[in-house]
Amino acid sequence: MLPRPEACRALTDRSGRGARCGFPLPQAPAIGLRAGGAVLLAQAHVDATVIADHDNPAALERAGELSYLGRRALRGIRTRPQDVPAVARDIADACGRALGGDEASWEVHDATNVAIGTALAAIATDPDHPHVDEVFAWMCRSPEPETSELREHPTRYLRNWTSAGPRVVRRILAASDPQLTLKARLRYGTATAEPAEPHLSEAEITLRAAKTPAMLWPSWTLRLLPPKSPHQPRIAGIRRAAASLMLIPGGPAGHREAARIMGNPQFRSNLEALLAFVDADHISSALVHYARVLDAHDIPIDYTRRRALFADEAGALLLDENAHWRLCKSLGTRQFQHVHLQRLRWQLRRLLLGADPQFGNHAPAWTHRFAFRTHPEILAFLDEQARRNLAAHHVTDEPVTWEPPADWLDTIALPQPLIDVPTEHVRALLTPDSTARDVARHLGLTVHQLRLLMESRRLSARTRPHKTGNYPRPPRQGYLVPDQLRDLYQRQGLQQRQIAALASCTTGIVKTALAQADIPLRPRRAAGELRRSVDPVWLRAEYHDKGRTVADIARELGAPDSNVAQLLDTWGIPRHPPGHSAPTAWQPSPFADLGVPLSRDLERISTRKGGLDWLRTALQIPGHRTRRSAALTLGIPRTSLNGRLKKLETAAGFEIFNPRKHPVATTPRGQALLDEAERLFDQLHR
C-alpha cells in the first residue's frame with residue numbers, strides 16, 4: 001500500500017532523481033467534462049478495449065494505435081497550431097487548454113494532454129465518426145512542405161509508424177496513393193484495400209516469374225482492358241508490360257529488373273502501350289491482385305525453364321516437316337513451302353513460350369489470320385510437335401498450354417467483367433464465311449478482344465474446304481507428249497532426270513506426265529547394282545581426270561548424287577577441292593556444215609549444250625501477250641519457259657526480250673539474233 005495514496009507521486013525532476021511532488025490530489029483543481037463528449041467517450045473506449053482485457057494481443061495492438069496517434073496529434077498541435085482542425089480545437093477548449101503557448105505545455109506527461117491526444121486518436125480510428133478522414137489526414141501531414149512531384153515511397157518516416165500497428169500503417173499507405181508513382185503504387189499496393197510494405201525476397205519474386213509467361217495470359221489481359229476501349233493495335237506490348245509489372249508488388253524489383261527477368265526488352269514502349277489504353281488506377285489495383293493470386297496458387301508450367309529452353313530463335317526446334325507435308329497434302333493445301341515452315345516454327349515457339357518469340361508491340365501481320373482461321377488438324381499437329389520438343393528436354397509433367405481458372409478472380413473487381421458468352425455460341429459464329437470484324441461486332445467486342453477470347457478458349461474459325469480435284473491442263477507438247485514420252489522412257493530407257501533435262505523441266509513434272517500417260521514406272525535399282533555396273537577406272541577418269549562433278553555423273557548414271565559420292569569414297573578417289581566447277585559443256589555447232597558465216601553471238605549460243613532448244617523456244621515467244629500465255633500455248637510450265645530464256649540470255653550476254661513491253665517484244669539486238677537463227681534453221685531443215 002502506498003503511504004499516502006492521495007498525494008501526487010510525480011517526480012519534480014524529469015531525470016528520475018528528484019523528490020515526489022506530494023501535492024494532495026483531493027485539493028487539486030478539476031475540469032468538468034461534458035457527458036457524451038469526445039474525452040469521456042474516448043476514456044470509455046479505452047476502458048472497454050484496452051484495460052478490461054489488457055493481456056489480449058488485440059488490446060495491446062489497440063493501445064499501440066492510440067498511443068502513437070495521440071503523440072502524433074500533440075506533435076501536430078505543438079508544431080503547426082495554424083493547421084489544427086476544428087474538432088481538435090473543440091476538444092482542447094473542453095479540457096481548458098488554449099492552443100499556442102510554449103511547446104513545453106504540450107508534453108505527453110501532462111494528464112490533460114494525454115486526454116486530448118487519446119480523444120483525437122480515437123476519432124482518427126473510428127470509421128463512423130464524421131471527422132475521421134479529416135483528423136487522420138492532419139495527423140499524417142508531414143512537417144516539411146509538400147511538392148507536386150510524385151514520390152517513389154509513401155513517406156520517409158514510414159518505419160516510424162510501425163509501432164502504431166498494421167491497421168494504421170495500411171491507412172498511411174492508402175492515404176499516400178495519390179502522391180506515388182506507378183511503380184510505388186504497385187510495390188506497396190496502395191490502390192487496393194489491403195496495402196502493405198514490401199516483404200517478399202528476391203527468391204520469392206523469382207518464383208512468381210516462373211509462374212508468369214512473358215506475355216500476360218489472354219484471359220487475364222481481356223479482364224484488364226476496359227469494356228468499351230477502342231482497338232488495341234499494340235496488344236502484344238500491353239501483355240508484355242503487364243507481365244513485367246506483376247513482379248513489382250511486394251518485392252524489391254524495379255521495372256527494369258522485372259523486364260529483364262521476364263526477358264522483355266524495350267520496357268518504355270511496352271509501358272506506353274499499356275497506359276494508352278488502360279487507366280493507371282486500374283493497372284495499380286488489378287496487377288497487384290493478379291500478383292497476389294499467383295503467389296497463393298500453384299502453376300503447372302515453369303515458364304522460366306521454358307524461356308531458357310526455347311526463347312533463343314537460333315536454338316534447335318524439332319519439327320517433322322515430312323509429317324506436315326503429308327498433312328497438307330491430305331488437306332488439299334499447298335502451305336508447306338519454306339515461308340510456311342518458317343511461320344509454323346514461329347507458332348510452335350510461341351506455343352512453347354506462351355508469348356511471341358519476337359519482341360515489340362506488334363505481332364507479324366500474318367499471325368492475325370493464323371490465329372483466327374486455322375485448320376483443327378494443323379493446330380493438333382502443332383500441339384503434338386510441342387510435346388515432342390518438351391519430351392526432348394525431359395519435360396513430361398507439364399501441359400503444352402495453360403490458362404488460369406476463371407474462379408481465381410471471382411473476388412476481384414476488374415475493369416472488364418467476365419465475358420460469359422458460351423463457347424459453343426462463339427464456335428457457331430466462326431463459320432467459313434465469317435470475318436473477325438463481323439464476329440466481334442456480333443459479340444460487342446473489338447477485333448483484338450475477340451482474338452484474346454479465341455486464344456484463351458483455343459478456338460479457331462472453320463476453314464473453307466480446299467479444292468481437291470483434277471484441274472483442266474493444257475495438252476502436253478514436245479518431249480512430254482505421251483507417245484514421245486513412252487518412247488524415251490520405255491524403249492530408249494532414259495531416266496526421269498534425263499527426260500527432264502531434255503524438256504527443260506523438273507523431275508516432278510516428268511513423273512506427273514508419266515502418270516497421266518499411264519506409263520508404269522520402272523522398279524528401283526536393286527541394292528549394290530550401281531556398284532556392280534560402274535567401272536572404277538571409268539569413274540576415276542570421268543571425275544578425277546576430266547573434272548566432272550558428282551551431280552553430272554549421277555545424271556548420266558540415273559542415280560542419286562549420294563550413291564555416286566559413296567562410290568568415290570569406297571574406291572578412294574580424291575574429292576574436288578571446295579569451289580570446283582565442271583568444265584563448260586561444249587558441242588560443235590550444227591550450223592557449221594552450212595558454209596554460212598555465223599555471228600559471234602550465234603556461234604557462242606549454238607556451241608552450248610541445249611542452245612538450239614533455247615533458240616527454238618525463243619522464236620515462238622514474240623507476239624504473245626505475256627510469257628504466261630506463251631507457256632500455255634507451248635504446253636510447258638512458265639518456270640521452265642523462264643529458265644530457257646534466262647539461259648539463252650546468259651549465253652548471249654545481253655537481253656533478248658524487253659521485260660517491260662506487252663505484248664512480248666524483242667530488243668533490237670535480240671531481234672537481229674532471232675532473225676539470223678530463223679534463217680539458219682530454214683537452211684538446216686531443207
Side-chain angles (χ1 to χ4, degrees), residues 213-225 229-240 242-243 273 277 306 310 313 317 319 324 327-328 331 333 335-336 339-386 399-403 416 419 421 423-464 466:
M215 290 172 57
L216 190 63
W217 292 289
S219 59
W220 281 20
T221 306
L222 194 58
R223 297 289 302 274
L224 183 64
L225 298 176
S229 61
H231 280 358
Q232 293 87 25
R234 296 183 289 179
I235 195 69
I238 292 175
R239 296 177 65 181
R240 289 191 183 276
F277 298 102
R306 293 278 186 99
F310 306 110
E313 295 189 22
L317 198 65
L319 180 64
H324 176 252
L327 177 60
C328 291
L331 297 177
T333 176
Q335 294 183 355
F336 49 80
V339 63
H340 301 115
L341 291 175
Q342 284 184 323
R343 294 176 177 180
L344 202 67
R345 291 183 182 276
W346 193 95
Q347 288 291 343
L348 178 58
R349 202 177 296 275
R350 186 182 192 277
L351 200 62
L352 291 166
L353 293 173
D356 293 349
Q358 298 174 347
F359 303 118
N361 293 330
H362 302 273
W366 61 266
T367 61
H368 300 300
R369 174 171 177 79
F370 189 96
F372 180 72
R373 195 187 305 278
T374 304
H375 199 281
E377 294 190 27
I378 297 292
L379 297 179
F381 172 77
L382 279 174
D383 287 346
E384 178 187 355
Q385 298 303 305
V400 174
T401 60
W402 182 82
E403 280 286 323
Q416 171 77 10
I419 298 180
V421 182
T423 301
E424 293 303 323
H425 178 61
V426 180
R427 185 179 285 111
L429 296 175
L430 300 174
T431 63
D433 298 323
S434 63
T435 64
R437 191 177 301 277
D438 294 338
V439 177
R441 187 183 300 113
H442 187 276
L443 296 175
L445 304 174
T446 66
V447 173
H448 290 276
Q449 287 172 335
L450 172 64
R451 288 175 181 146
L452 289 173
L453 179 66
M454 293 176 62
E455 182 181 352
S456 65
R457 303 187 184 185
R458 301 297 302 273
L459 295 176
S460 179
R462 294 193 294 274
T463 57
R464 298 179 179 87
H466 296 284

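Side chains included, hydrogens not; waters and symmetry mates left out as well; all remaining heavy atoms used.
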What residues form a salt bridge (Lys or Arg N to Asp or Glu O under 4.0 Å) with [X], not counting sequence neighbours?
X      : result
Arg462 : none
Arg427 : Glu424
Arg441 : Asp438

How long is the gap from [atom1] on [X] to [atom2] on [Y], to the nearest 0.5 Å?
X      : Y      : atom1 : atom2 : result
Arg451 : Thr446 : CZ    : OG1   : 9.0 Å
Glu377 : Leu382 : CD    : CG    : 12.5 Å
Leu225 : Gln449 : CG    : CD    : 6.0 Å
Leu222 : Arg239 : CG    : CZ    : 10.5 Å

Ignoring hydrogens and geometry, is there a side-chain-to-backbone donor-acceptor pair from Arg373 to Ser434 under 3.5 Å?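 Answer holds: yes.
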
Side chain of Arg223, backbone of Gln416: donor and acceptor closer than 3.5 Å?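 Judged by distance alone, yes, a pair lies under 3.5 Å.
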
Is any side-chain heavy atom of [X] closer than 4.5 Å to a side-chain heavy atom of [Y]?
X      : Y      : answer
Gln347 : Thr367 : yes
Leu430 : Phe372 : yes
Ile419 : Leu445 : yes
His340 : Thr333 : no

[X] and [Y]: which non-hydrogen atoms are nearest, and at how many Å?
X      : Y      : result
Pro213 : Leu353 : CB-O, 4.1 Å
Gln385 : Leu319 : OE1-CA, 3.6 Å
Gly237 : Ala273 : C-CB, 4.3 Å
Ala371 : Met454 : O-CE, 3.9 Å
Ala363 : Ala236 : N-CB, 4.4 Å
Pro399 : Arg306 : O-NH2, 2.7 Å

Side chain to side chain contact (heavy atoms under 4.5 Å, CB included) partners for [X], two or more places apart:
X      : result
Ala386 : Leu348, Leu351, Leu352, Val400
Ala242 : Leu216, Leu224, Leu287
Ser456 : Pro218, Ser219, Glu403, Leu453

With sequence neighbours left out, what residues match [X] under ring pair (Phe, Tyr, Trp, His ring centres under 6.0 Å)?
X      : answer
His442 : His425
Phe310 : His393
Phe370 : none

Any salt bridge (Lys or Arg N to Asp or Glu O under 4.0 Å) pairs touching residues 345-362, not counting sequence neighbours? Glu321-Arg345, Arg350-Asp356, Arg350-Glu455

By the ring-ring contact (aromatic ring centres under 6.0 Å, His included) test, which pairs, at least two apart or in different chains, include something from residues 341-367?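 Pairs touching residues 341-367 that pass the test: Trp346-Trp366.
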
If the condition is side chain to side chain donor-acceptor pair (under 3.5 Å), which residues does Thr423 pass it with, not counting sequence neighbours? Arg457

Can you tell me how the ring of Phe381 sits relative to the ring of His324, calling it parallel under 30°, perpendicular over 60° and tilted otherwise? tilted

